[in-house]
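Remember, predicted model here, so these are calculated numbers, not experimental data. Quick note: residue numbers are just sequence positions, from 1.
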Amino acid sequence: MNNLQTPRDPEPAGDFSDEELLRVARLTRLALEEGEKEELVGTLRRIIGFVQVLQQLDTGGVEPMVHPLDLVLPLRADEVTETDVRADAQACAPDVVDGLYRVPKVIE
């Protein structure tokens with residue numbers, strides 16, 4: 001565990017115009033009541049402030065990881081285990097041309 005110090009509640013950052021706020025609400029499919037706008041602005045400002053804190057962290061020696069735990073996933077050999085049953089599956093088809101099912105035209 002490292003000793004990185006990050007503020008529990010980062011400084012709010014930036015300001016949002018009504019147009020920007022409505023655009024974010026539209027993109028996130030949120031229906032905003034008039035009283036909810038100030039709360040959403042505060043939340044967005046805290047999120048952006050936290051992202052700015054994260055951008056200032058030195059991640060130079062940090063190796064990217066897929067999972068936080070040291071897991072080894074079992075892998076199987078990449079080899080064909082099924083047999084070709086196309087001919088058997090197409091034996092009962094009403095019309096087959098060059099190994100493909102032929103169907104009647106449905107759009108005129």
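In this structure, L75 has no side chain to side chain contact (heavy atoms under 4.5 Å, CB included) partners at least two apart in sequence or on a different chain. By the side chain to side chain donor-acceptor pair (under 3.5 Å) test, E19 pairs with S17, sequence neighbours left out. With sequence neighbours excluded, the residues that form a side chain to side chain contact (heavy atoms under 4.5 Å, CB included) with R86 are D84, Q90. Partners of R76 according to the salt bridge (Lys or Arg N to Asp or Glu O under 4.0 Å) rule, which considers only residues two or more places apart in sequence or in another chain, do not exist here. Take V97 and apply the side chain to side chain contact (heavy atoms under 4.5 Å, CB included) test, not counting sequence neighbours, and it matches D95, R102. With sequence neighbours left out, the side chain to side chain contact (heavy atoms under 4.5 Å, CB included) criterion links A89 to Y101.
Atom OG1 of residue T28 and atom CG of residue L40 lie 7.0 Å apart, to the nearest 0.5 angstrom. With rounding to the nearest 0.5 angstrom, the CG atom of D70 is 10.0 Å from the CE atom of M65.
Residues L32 and L21 are in side-chain contact: their nearest non-hydrogen atoms beyond the backbone lie under 4.5 Å apart.
Partner of F50 under the side chain to side chain contact (heavy atoms under 4.5 Å, CB included) criterion, chosen from I47, I48, L54: L54.
More than 12 heavy atoms of other residues, nucleotides or ligands lie within 6.0 Å of CG in L69, so this atom counts as buried by the packing criterion.
Hydrophobic cluster membership differs between V41 and L22, with clusters built from Ile, Leu, Val, Met, Phe, Trp and Tyr side chains linked at under 4.5 angstrom.
Through direct or relayed side-chain contacts under 4.5 Å between Ile, Leu, Val, Met, Phe, Trp and Tyr, V80 connects to no other residue.
Here the closest non-hydrogen pair linking G60 and D58 is N-OD1, 3.1 Å.
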